[in-house]
Q: 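Mind looking over this structure? Questions follow.
Remember, it's 1-based here, ligands and their atoms both numbered in the order they're listed. The model shown is predicted, which means the values in this text are computed figures rather than measured ones.
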Amino acid sequence: MKLNVYADRISQPSRAVVFFCKVNGIDYEEIKVHIPKGQHLTPECEAINLMQKLPAIADGRFKLFESHAIHIYLAYAFPGVADYWQGCS
Ligand SMILES: N[C@@H](CCC(=O)N[C@@H](CS)C(=O)NCC(=O)O)C(=O)O
């Protein structure tokens, strides 16, 4: 199952997670959520992140928010990511 990244490119931490995936060749799907339209406040987004903030990810049934935590998770969970990213917090 593909990694889902919930993000709005106006959000710096969202961009950081999207770029991390791109730079490291992670197969992901970006779910574009428009903050100014309040799309991050919908039940679908709340189901991913109770705090209703972006970015957030869903990797199968596993859900995570907070961009630094996401970076660390991706660095360990995806084998193609170089080891040096594991200290990127
Ligand atoms: N420390 C969090 C910051 C999350 C955050 O505050 N995201 C903002 C966008 S940059 C957001 O979702 N704002 C919507 C709101 O507060 O309603 C992270 O690094 O992920």
Q: List the closest protein heavy-atom neighbour of atom 20 (O) of ligand 1: residue, atom name, distance to the nearest 0.1 Å.
A: S67 N, 2.9 Å

Q: Which of the atoms of ligand 1 are close to P55, meaning less than 4.0 Å from one of its heavy atoms?
A: 20 (O)

Q: Would L54 count as a polar contact of ligand 1, with the cut-off being nitrogen or oxygen pairs under 3.5 Å?
A: yes

Q: Between ligand 1 and S11, is the shortest N or O to N or O distance under 3.5 Å?
A: no

Q: Is the distance from the ring center of Y76 to that of W85 below 6.0 Å?
A: no

Q: Is the ring centre of F65 less than 6.0 Å from the ring centre of Y6?
A: no

Q: Just go through K53, H71, E66, Q12 and tell me whose heavy atom is the nearest to atom 6 (O) of ligand 1.
A: K53

Q: Could you identify the single nearest non-hydrogen protein atom to atom 17 (O) of ligand 1 and state the distance to 0.1 Å?
A: H40 NE2, 2.8 Å

Q: Are any non-hydrogen side-chain atoms of H71 and V17 less than 4.5 angstrom apart?
A: yes

Q: Could you measure the distance from the CD atom of E29 to the CG atom of N4? Nearest 0.5 Å is fine.
A: 5.5 Å

Q: Verify side chain to side chain contact (heavy atoms under 4.5 Å, CB included) between K63 and I57, making sure each step is shown before the conclusion.
A: CA-CA 6 Å; K63 298 164 190 162; I57 63 166; over 6 Å; no

Q: Below 4.0 Å, non-hydrogen atoms only: which portion of H68 touches ligand 1? Side chain, backbone, both or neither.
A: neither

Q: Side chain, backbone, both or neither: which part of P13 comes within less than 4.0 Å of ligand 1 when only heavy atoms are counted?
A: side chain

Q: Verify side chain to side chain contact (heavy atoms under 4.5 Å, CB included) between I35 and L54, making sure each step is shown before the conclusion.
A: CA-CA 9 Å; I35 290 175; L54 298 173; 3.6 Å; yes

